[in-house]
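Owing to the predicted nature of the structure, the values given are computational and were not obtained by experimental measurement.
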Amino acid sequence: DLHSFPTRRSSDLEILYITDEIDAGGIVIDRDNFTINGNGHILNANNEERIFNIIANNVTLINITFKNGFADEGGAVYTENDLTIIGCDFENNNANDGGAVRAYNINETDSIFKYNFAQNGGAVIANNINIKHTLFEKNEAENGGAIHTEGTVIVDTSQFISNSADRYGGAICSEENITAVTCIFKSNIGQEGGAVFGGNNALIKNSTVAENEGTRGSGGLQVTNHV
């Protein structure tokens, strides 16, 4: 159901305040092909440090809430490798690039990104991004209020609500190709491309694009070629 996103936060979930034990740059994850299932735990960095610094490849994060991470790149999670995210929440994380997550390639599903902030990619920045059934709400950046990529972004059955960018792409900014299928883009704002800004091609299919605002350019989509 496009309009139904899980609420995983509840009063009986344990909140782990990790700043007393965290190393500079975040908790290091160094095992390839490794899965971390948080079982609903909340990791709160109190706006002092990044949470995970992943130096391994093909790590999967499941059912974790990341709050108040802070770093130059990847406020909550940073990796130069491929990353899979399933059923995680990212809230109020902050970085220059990738307010919540910076990775090389990201596969992400069933997650929620709210109130994250960055210069580029308020929630996520990566080379290539594949996203399904995810909510991006009230994330902010200079470019790409929710998502910024230099490669290809594919989003399916996801919502982008009230994200904002000072310059390009209130919801998504991509320098290459954008594909969005069965998505909702509503009330996003950017200087150029209130919802989507793309440097190459965009395919928007079976999607709703409504009430977005471009303060200088297009309020909905601004791309070289679009379908």
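Side-chain contact of N93 with N116: a donor-acceptor pair under 3.5 Å is present, judged by distance alone. N44 and N68 form a side-chain donor-acceptor contact under 3.5 Å, judged by distance and modelled atom types alone.
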Less than 3.5 Å apart, which donor and acceptor atoms pair up between the side chains of residues 148-155 and the rest of the protein, not counting sequence neighbours?
{"unit_1": "T149", "atom_1": "OG1", "unit_2": "A126", "atom_2": "O", "d": "2.9"}
{"unit_1": "T149", "atom_1": "OG1", "unit_2": "N127", "atom_2": "O", "d": "2.5"}
{"unit_1": "T149", "atom_1": "OG1", "unit_2": "G151", "atom_2": "N", "d": "2.9"}

Name each donor-acceptor pair under 3.5 Å that joins a side chain in residues 94-102 to protein atoms two or more places apart or in another chain, with its distance.
{"unit_1": "N96", "atom_1": "ND2", "unit_2": "D72", "atom_2": "OD1", "d": "2.4"}
{"unit_1": "D97", "atom_1": "OD1", "unit_2": "N120", "atom_2": "ND2", "d": "3.0"}
{"unit_1": "R102", "atom_1": "NH1", "unit_2": "E73", "atom_2": "OE2", "d": "3.3"}

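Side-chain heavy atoms closer than 4.5 Å link hydrophobic residues (I, L, V, M, F, W, Y) into clusters, and following such links, possibly through other members, connects V59 to I106. Under a hydrophobic-cluster definition in which Ile, Leu, Val, Met, Phe, Trp and Tyr are linked whenever side-chain heavy atoms come within less than 4.5 Å, directly or via other members, F113 and F66 are assigned to the same cluster.
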- Give the intermediate values and the outcome of side chain to side chain contact (heavy atoms under 4.5 Å, CB included) for residues I129 and V124. CA-CA 9 Å; I129 299 172; V124 174; 3.9 Å; yes

- Task: Run the numbers on F117 and N139 for side chain to side chain contact (heavy atoms under 4.5 Å, CB included), then give the verdict.
- Result: CA-CA 6 Å; F117 177 83; N139 302 284; over 6 Å; no

- Begin from the C-alpha positions of N212 and F185 and carry the test side chain to side chain contact (heavy atoms under 4.5 Å, CB included) through to its verdict. CA-CA 7 Å; N212 303 284; F185 297 87; 4.2 Å; yes

- Task: Tell me, with the steps shown, if N143 and Q119 meet side chain to side chain contact (heavy atoms under 4.5 Å, CB included).
- Result: CA-CA 6 Å; N143 300 299; Q119 293 298 309; over 6 Å; no

- Hey, mind stepping through E108 and T134 against side-chain hydrogen bond (donor to acceptor under 3.5 Å, both in side chains) and telling me if it holds? CA-CA 8 Å; E108 184 273 314; T134 290; 2.6 Å; yes

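Rounding to the nearest 0.5 Å gives a distance of 9.5 Å between CG of N107 and CD1 of I131. A distance of 9.0 Å separates OG1 of T109 from CG of N130, quoted to the nearest 0.5 Å. For the atom pair CD1 of I55 and CG of D30, the computed distance is 5.0 Å after rounding to the nearest 0.5 Å. For the atom pair E137 CD and Y115 OH, the distance stands at 6.0 Å (nearest 0.5 Å). Between the CG atom in L135 and the OG atom in S158 there is a gap of 8.5 Å [rounded to 0.5 Å]. The line from CZ of F160 to NZ of K186 is 15.5 Å long, rounded to the nearest 0.5 Å.
Here the options are I161, N188, I147, I112, the test is side chain to side chain contact (heavy atoms under 4.5 Å, CB included), and the partner is F136; only I147 passes.
Side-chain atoms of I54 and L83, non-hydrogen and from C-beta on, do get closer than 4.5 Å to each other. Between N92 and K67, the closest side-chain pair of non-hydrogen atoms is not below 4.5 Å.
Not counting sequence neighbours, the partners of D166 by the side chain to side chain contact (heavy atoms under 4.5 Å, CB included) test are E142. Residues passing the side chain to side chain contact (heavy atoms under 4.5 Å, CB included) test with I36, sequence neighbours excluded: I29, F34, F52, L61, I64. Applying the side chain to side chain contact (heavy atoms under 4.5 Å, CB included) rule to D82 yields the partners N57, N58, Y104, N105; only residues at least two apart in sequence or on another chain are considered. With sequence neighbours excluded, the residues forming a side chain to side chain contact (heavy atoms under 4.5 Å, CB included) with T35 are T60, I62, listed by chain and number.
The heavy-atom pair separating A141 from G122 by the smallest distance is CB-N, 3.4 Å. Minimum interatomic distance between A165 and G145 (heavy atoms only, all atoms of both residues): CB-N, 3.9 Å. What you find for F70 and E48 is that their closest heavy atoms are CB-N, 4.2 Å.
Counting only distance, with no hydrogens or angles, the side chain of S207 and the backbone of C183 share a donor-acceptor pair below 3.5 Å. Using a distance-only test at 3.5 Å, with no hydrogens or angles considered, no donor-acceptor pair links the side chain of T65 to the main chain of I42.
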